[in-house]
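Here's the structure we're looking at; comments come further down.
Just the heavy atoms: all of them, side chains too, but no hydrogens, waters or symmetry mates, feed the values below. Both ligands and their constituent atoms are indexed starting at 1 by order of listing.
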Amino acid sequence: MVDEKGMDFPVSWDELHRTARALAYRLDSLGPFKGIVAITRGGLVPAAIVARELELRLVDTVCISTYDHKDMGEANILKGIDGDGEGWLIIDDLVDTGKTAKIVREMLPKAHFATVFAKPAGRPLVDTFVTEVSQDTWILFPWDVELAYAQPIRARKGK
Ligand SMILES: O=P(O)(O)OC[C@H]1O[C@H](OP(=O)(O)OP(=O)(O)O)[C@H](O)[C@@H]1O
Ligand SMILES: Nc1nc2[nH]cnc2c(=O)[nH]1
Ligand SMILES: [Mg+2]
């Protein structure tokens with residue numbers, strides 16, 4: 001779908017699993033880490049995959065909500081975390097504007113911040129990521145979609 005936020009970029013469970021494993025592979029050489037801080041909710045599934053691959057069993061959360069689907073609002077910090085993050089690995093699904101990443105980095109300045117996807121505006125705030133997508137792309141994660149009828153491309157263009 002194309003709307004004012006740009007083109008949707010749907011990601012399947014398989015693709016997400018493969019890309020999160022690629023992230024774990026890169027992070028393995030940057031550790032060892034004490035544990036993972038998952039940024040809810042989007043970071044939960046990638047954090048589970050990375051925790052499995054890096055054999056990390058200590059997993060905490062920072063809970064932040066910024067978007068209502070595609071609409072950005074004020075960042076609402078529902079749960080923070082103590083300490084400066086030294087030795088910890090922060091995992092989120094993506095950085096877009098970098099608003100969430102900036103808050104988390106200020107909260108845990110010594111942690112390593114990693115995401116599966118990065119858009120250009122947020123990219124400088126991430127230490128490690130795997131796939132860059134353009135700023136006007138909206139990533140659709142498998143937990144946000146269901147299988148449904150898709151109109152043929154020609155019909156969508158009204159031909
Ligand atoms: O770089 P930004 O512009 O801050 O956008 C990135 C953040 O937006 C999404 O979270 P959202 O606030 O939608 O909450 P959710 O993870 O619960 O879906 C996504 O999971 C990132 O955490
Ligand atoms: N699912 C999803 N959430 C976001 N939050 C900020 N940008 C995005 C995006 O591209 N996809
Ligand atoms: Mg999020």
Side-chain angles (χ1 to χ4, degrees), residues 1-24 26-27 30 33 35-54 56 58-85 88-148 150 156:
M1 198 182 94
V2 187
D3 59 20
E4 74 282 1
K5 308 276 176 184
M7 183 79 155
D8 279 348
F9 180 86
V11 178
S12 71
W13 283 111
D14 280 358
E15 286 163 346
L16 195 271
H17 192 189
R18 187 169 50 239
T19 317
R21 287 188 85 208
L23 179 64
R26 287 178 196 189
L27 292 168
L30 302 171
F33 297 102
I36 289 182
V37 176
I39 310 303
T40 72
R41 296 162 300 178
L44 288 169
V45 171
I49 295 164
V50 171
R52 191 270 174 185
E53 297 305 331
L54 300 189
L56 293 169
L58 201 51
V59 180
D60 206 338
T61 55
V62 163
C63 305
I64 305 185
S65 152
T66 310
Y67 289 80
D68 181 8
H69 188 36
K70 295 185 181 180
D71 298 322
M72 185 160 88
E74 282 304 305
N76 195 3
I77 305 169
L78 304 160
K79 176 187 168 292
I81 202 167
D82 291 336
D84 60 11
W88 284 78
L89 172 62
I90 304 168
I91 299 281
D92 205 350
D93 51 356
L94 67 100
V95 275
D96 185 326
T97 62
K99 185 173 176 172
T100 307
K102 190 165 174 291
I103 292 167
V104 174
R105 293 211 81 124
E106 279 165 10
M107 200 184 281
L108 299 168
K110 294 197 174 164
H112 188 96
F113 190 91
T115 63
V116 182
F117 298 96
K119 299 187 194 179
R123 195 186 151 156
L125 289 153
V126 189
D127 295 311
T128 306
F129 69 94
V130 179
T131 302
E132 180 163 353
V133 298
S134 66
Q135 197 65 42
D136 64 354
T137 296
W138 187 264
I139 301 167
L140 270 183
F141 288 104
W143 49 84
D144 281 332
V145 298
E146 60 183 4
L147 288 180
R156 275 181 248 175

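- By the criterion of a heavy-atom distance under 4.0 Å, the side chain of L94, and not its backbone, is placed next to ligand 2.
- Under a 4.0 angstrom heavy-atom cut-off, G122 registers as lying outside contact with ligand 1.
- Scanning F9, W138, W143 for the heavy atom closest to atom 9 (C) of ligand 2 points to W138.
- Side-chain contact between V116 and V11 is absent, with no heavy-atom pair separated by less than 4.5 Å.
- Neither the backbone nor the side chain of M72 has any atom closer than 4.0 Å to an atom of ligand 2 (non-hydrogen atoms only).
- Heavy atoms of S65 come nearer than 4.0 angstrom to ligand 1 in at least one pair.
- Every atom of ligand 2 with a heavy atom of F141 under 4.0 Å away is listed here by number and element: 1 (N).
- Contact check for F113 versus V95: side-chain heavy atoms found under the 4.5 Å cut-off.
- Listed by atom number, the atoms of ligand 1 under 4.0 Å from T66 heavy atoms are 12 (O).
- Counting the atoms of ligand 2 from 1 in the order shown, those under 4.0 Å from a heavy atom of D96 are 6 (C), 7 (N), 8 (C).
- When heavy-atom distances to ligand 1 are checked against a 4.0 Å cut-off, D92 comes that close only through its side chain, counted from C-beta outward.
- Backbone and side-chain nitrogen or oxygen atoms of K119 are examined, and one is located within less than 3.5 angstrom of a nitrogen or oxygen of ligand 2.
- With a 4.0 Å heavy-atom cut-off, ligand 1 is reached by no atom of I39.
- Side-chain contact, S134 with D136: a donor N or O sits under 3.5 Å from an acceptor N or O.
- Close contacts between ligand 1 and V95 involve ligand atoms 1 (O) [criterion: under 4.0 Å to a heavy atom].
- Considering only non-hydrogen protein atoms, atom 9 (C) of ligand 1 sits nearest to Y67 CD1, 4.2 Å.
- Atoms of ligand 1 found under 4.0 Å from any heavy atom of L94, numbered from 1 in the order shown, are 6 (C), 21 (C).
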